[in-house]
Each structure stands twice: as C-alpha cells, then as structure tokens.
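Notes to accompany the following structure.
Residue numbers start from 1 in every chain, and the chains themselves are labelled A, B, ... in the order their sequence lines are given, proteins ahead of strands. Scope of the values below: all heavy atoms of this structure, side chains included, with no hydrogens, waters or symmetry mates.
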There are 2 protein chains.
Amino acid sequence: MNLRDLRYLLAVAEHEHFGRAARACGISQPTLSVQIRKLEELMGVALFERTSKTVAPTFACQQLIGHARAAVTATEAILATARNLRDPLAGRFRLGIIPTLAPYLLPLVFAPLREALPALELEPWEDQTSALLGRLRAHELDAALLATEVDGPDLVSQPLFAEPFLAALPPDHPLAACEVVAETDLTRDMLVLADGHCLREQTMEACGQSEALGGTLRAASLPTLLNMVAAGYGTTLIPGLAAGAALDAGIVLRPLAARAGRTVRIAWRAHFPRRPAVEAVGEVIANRLRGFAEGAAAGTV
Amino acid sequence: MNLRDLRYLLAVAEHEHFGRAARACGISQPTLSVQIRKLEELMGVALFERTSKTVAPTFACQQLIGHARAAVTATEAILATARNLRDPLAGRFRLGIIPTLAPYLLPLVFAPLREALPALELEPWEDQTSALLGRLRAHELDAALLATEVDGPDLVSQPLFAEPFLAALPPDHPLAACEVVAETDLTRDMLVLADGHCLREQTMEACGQSEALGGTLRAASLPTLLNMVAAGYGTTLIPGLAAGAALDAGIVLRPLAARAGRTVRIAWRAHFPRRPAVEAVGEVIANRLRGFAEGAAAGTV
DNA sequence: GGATGCGATAGGCTTGGCCTATGATGAAAG
DNA sequence: CTTTCATCATAGGCCAAGCCTATCGCATCC
C-alpha cells in the first residue's frame, strides 16, 4: 500500500466523483480508477458503490477513512517538521564547555551568538574534558569547547583563540612587587585544581613541575582556588578570561615571562552532519576573542 | 514520500545498522542506503550520522520518528480493519422492514438469521415503504423487506415468500359463520390503515374498493386496527403472519375465497457491493417461511 | 599488512504508475 | 425512440523508481 493511494482514497471519498477527485490529485481519471480498484483488491473490500451518476463510500470505506487521514496527516507532519529542521543553523545545539572556561567565556559570547545565530538554541553543558569527550562520542553533545587537543579519528577540532595564563598572587606576596613573573618562580608555593581539570596539568607543565604541592589543598573549582590564593595559601596560574573574577577576589595578577597559556578549541565528531553550525559557533567565539591574547598577556586586562 | 521509506527509516533507526535493517525489511543493503539517502535529500536534513562502525539517528531524525511511526501504524490499522471488513457476510447490515410485517416476521427469522449468519450484525429499521425506499437510495439502509414491487433502475428486488390475507371479523359478525369469506363481502364495513401503509391500498384493491369507509377511523398501526375490529367497529384484511396477534385480540379469522395476498420481497440498490449478504438474508427468510402460504391460506394457522 | 566488516556507488533489470484513446452504461433530451 | 452526454472502466504503451548483484572506499582488528 502506498501513501499516494490513501490520498486518492480520501479524494474520491471527499468529492464522490472520480473525475473531480482525479483533477484534485493532479492525475487522470483512468489512473485514479485503476488505483482505487487496486486498493479495493488489496483490501478485499469494495470501497465505493459506483453508478453512472453517483459514487458513494461504502461502510467499510468510512471505517478506513479515519485511519487513512491519520496516516496522511502524519506524513504531512513529517514534511513540516523536516522543513523546520532543515536549517543547520537552527534548532538545538548542545555545547559542552570546561568549567575553567564556561563562567568567564559564556558572558562574553552569549550576546554575539544570539545575534549572529538567532535560530540556534544553544544548550551549554559544563563538565570536565573527559566527560565532555565521552558525551560527544555518545552523541549527547554536538560540540565542545576544550583547552586540549583531541585524540582519535572520530573527533576533530579547530583552535578558536589563545588564552594566556596570568600569575595569581596574594596581595602581600613577595612576587607582587615584580612587573613580570617568571613561571618557574611560582613553583615554590603553587596551588592547583583537583584531578580532572585540564588547567591543573597545564599549570604544572607551564611551571616545570611534575608533582603538585600544597598537600591536600586541591581546589575543586577555579573560584575556590582564587579564594585560596586571596587568603594567602599560595600562588597559581589562572586563565586570562578569569582575570576579572580574580581581581574581584582581591588577587594580584602579573603577566608571565614565558607567556604560558592555552589554546581554546572547539571539538566535534568528524561525521557530525551539522558542521555549518559548529563552524558558525566557532567563528563567532573566535571573532569575539580576537586580540584578547595580546591585551591579556601584556597588561592584565 | 513513500510509506515504504518510512518503514526503512524506522528500521535503520531501530537497528542502527544498515545491513541488519535491510535484512529486517527484506531488501538488500545498497537499496536501503539509496532509499535513506533519497529520504534525506527530500527532507533536506541528515537523518543518520554514519561512520564505518556506527549509525546514529540525528536529532532531526528523532523528531521525525514519532510521526513516521504514527503513519506506519495508521496504515497497519487500515489493513487490519480491512481484514475484519473483508467478509461480506459479516458486519453491520441495516435492514428496513415495513410496519405491517416487522413485528410478526422478525420473531420468526431472528434465530435462523443468527444461526446462519452469526457474524452479521442485523440492524432492523421499521418504517413505511416510501421512507424505506428513500433511506435505501440514500445509502442509509443496505436492504429492505417490502410488500410491493420497486420501481426505478437503481433498485432491484427479489420475492421471498407469498403472504395470504385473511378476513378479520368481530366474533359476532354475520360472516363469522362462514367457512370462507369472499373478499367483496367485506366491502360494506371494512376498516383500513392510515395513509402510507402499503397494506391499506392492497386491502382495498383486494376487495375491489377504491374509497375507504369508516369515516375518520383510519388506524395508525396494525395492532390498533386489530383492536378496532375486535371492538366491533368493522372488518378488515390482515396479513397472514399477523394471524396469531389477531386471534390473541379476540378476532375471528377466515380464509378468503379468491386467496388475496401479498408478496414479501427484499429490495436493495442494484450496485450494492455486499450482494452476498442480501442474498443470504433473503434465503434464510424464504426458507423459514417456505410453505407458510399454503398453511395460512387454507386453515388460518 | 592482510583480512574483515560496513556503508556507498555503479549498472542493469523489472515493476508499477501514468498517460491517451476507447469502450460500456445509464440517464437525459430531442 | 433515438441521440447525446456524462461517467467510470479498460487497453496499450511509456517512463521513472525501486531493486538486485558486483564492486569500491574506508576503517578496524588480528
């Protein structure tokens, strides 16, 4: 059975006239007659009682028409829904973001994204890198903003902008007197984030350090880490976009001598079909952050 | 778009594997790939994200699947309903019956009909001949039991059985003394039914009378007419099947000299497609009433 | 590095739907 | 009573769409 046949059935039932129904369907009357006849043979039931003057749906036909109409409207709903989904720059877009980036980047890019991609329903999802990659591979995210390269052939990524690190010091720290701080000078009393944050390894690597100090003091989040630095527990590196929050917490920031930093990238599945959306989102973010690296690395905001 | 394509879509979404989905659909894998590709082009949306290892429905696909399933189940409902409607001897059968026949015939034929045609849902409809013919032509009845011939090329009929008339007399009527009553002897004080009952004209014709007597006394129904006769208002002819009711009312019945009577027929639209049902019903009734005419005409039950 | 599994592509075949032309039938009109 | 008209059914030919087998491209696994 064919959807077209159901349309024909509905047309004949509505017009009660083969010629007019055929015209309404855009086919010739003989074609319609043949198709209805086939349908009747398939069903094993007479659908219409024909005379040379009248065409009347049988009781059986009336019983079937409801289902036929349901099928036809359902397929029309499919087409209508597909029309709405056609634009790759429209609809839900689930974007993963690492925790050391989300609270500082999102306020900057929300408005530009809304303006550039008004139909895109952005759903941010904050989680650590490995969780984001898992969700990405599980099709639970459409893309992710990370600060690391991605491995494997199933995922691809593209750099969006460079984010320099800054030395974060308690106000009364000796290094606060310097204009510029060498990364290696922070090793002595450096605090880091808890396991799982990519910023943790990046901080330690930038300072040439393999084992974390501070004993059990491993902050679960960047705000906590900032509070710990402000309270004088030690020093750390913070990503440039967090500078404002750090200053608010009463922390002294200094540029780094070796200009250590990280690259924020957008990652997605290699076969993800809405690549235009990924690229559009990446482009808006990159544009918004263009020139940020130089300013941040040089003058601490 | 084709229903088949929707089935393919559902199969791929369910199996997440083209080869297995193709096997489930009974087609080859290349065919399935091509059809899904076509569907994607028609929709303008990627439906599946393919790698060499995995096939995952896109978000758009998930939105469409519900409608697709609705369409497929609706068409399956069509086929299932059609299967149930396939037997012409099953299902609703609206049978019109004239009022001077219904209450006396139905008790006789209900049981045989139920036994011979257990799947037929008989819906009797009692009305006068012209109303029955109108409803028949309007497709509001499937057949009708009448005591007249039908005119017009759109309706056809077949005789079922002959029903003799009987003279109905008050117990103290002079003619009650006779073994046999001549139709013309009843003319003097004959009562008839109201307009619209075919029995009215048939009675008058049988007695060679063109104008009804009895003034305004025209019974609206046969039971009323019987009561009037029993009360001594006059005489009349009754159809043989009503003999029992007449005797119960205290009326004397006598066979008629000229053996006047009527023929009960079943009528239906010439193009009515469930002719087997009509013929089966007619046959059951004719069989039940076989031999009735001789017995009734001779010995008054 | 060959073997394996999967989806995509190519080419040929057959079915099915469509058309025009014509037939059959019944009703209305001359 | 015959003609004409309207309607649905049938016939024959054409073409697109769907299907199959064979093969390719790609990635993974041993």
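Donor-acceptor pairing under 3.5 Å is recorded for the side chains of R262(B) and T100(B). Of the N and O atoms on the side chains of S33(B) and Q29(B), at least one donor lies less than 3.5 Å from an acceptor on the other residue.
Test V264(A), L133(A), I266(A) against L146(A) for side-chain contact (heavy atoms from CB on, under 4.5 Å) and you get one pass: L133(A).
A donor-acceptor contact shorter than 3.5 Å links the side chain of R50(B) to the backbone of F48(B). With H15(B) contributing its side chain and H17(B) its backbone, the two residues share no donor-acceptor pair below 3.5 Å.
The distance from atom CD of E40(A) to atom C1' of dA9(D) is 12 Å, rounded to the nearest whole Å. Distance CE (M1(B)) to C1' (dG18(D)): 17 Å, rounded to an integer number of Å. We find that CZ of R23(B) is positioned 12 Å from C1' of dC6(C), with the value rounded to whole Å. In this entry the distance linking OH of Y8(A) with C1' of dC18(C) reads 8 Å, nearest Å. The separation between E49(B) atom CD and dA8(C) atom P is 13 Å, rounded to whole Å. Atoms CD (E16(B)) and P (dC6(C)) sit 14 Å apart, rounded to a whole Å. Going from atom CG of L42(A) over to atom C1' of dG17(C) covers 15 Å, rounded to whole Å. L47(A) has its CG atom 12 Å from the P atom of dA9(D), to the nearest Å.
A cation-pi arrangement is found for R135(A) relative to W125(A), the charged atom lying closer than 6.0 Å to the ring centre and inside a 45° cone about the ring normal.
Taking only side-chain atoms of R4(A), from C-beta outward, the nucleotide of dA8(C), dC8(D), dG17(C) with the closest atom is dG17(C).
With DNA chain D read from its 5' end, the first of the two nearest nucleotides for D5(B) and T54(A) is the one closest to T54(A).
Using a 4.0 Å heavy-atom cutoff across all strands shown, F48(A) reaches no nucleic acid atom at all.
Annotation: proximity of residues 26-38 of chain A to DNA chain D (heavy atom, distance under 4.0 Å) is found for Q29(A), P30(A), S33(A), R37(A), numbered in ascending order.
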For this session: Dump the intermediate steps for side chain to side chain donor-acceptor pair (under 3.5 Å) on T58(B) and Q62(B), then the final yes or no.
Result: CA-CA 6 Å; T58(B) 62; Q62(B) 292 167 20; over 6 Å; no
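Taking 4.0 angstrom as the limit, R50(A) places none of its side-chain polar atoms (N or O) nearer than this to OP1 or OP2 of dT7(D).
For E140(A) and R94(A), the salt-bridge test fails: no basic side-chain N is under 4.0 Å from an acidic carboxylate O. Contact check on D154(B) versus R269(B) returns no salt bridge, with no Lys/Arg side-chain nitrogen under 4.0 Å from an Asp/Glu carboxylate oxygen.
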Protein-nucleotides 23-30 of chain C N/O pairs closer than 3.5 Å?
from, atom 1, to, atom 2, distance (Å)
dG26(C), O4', S52(A), OG, 3.4

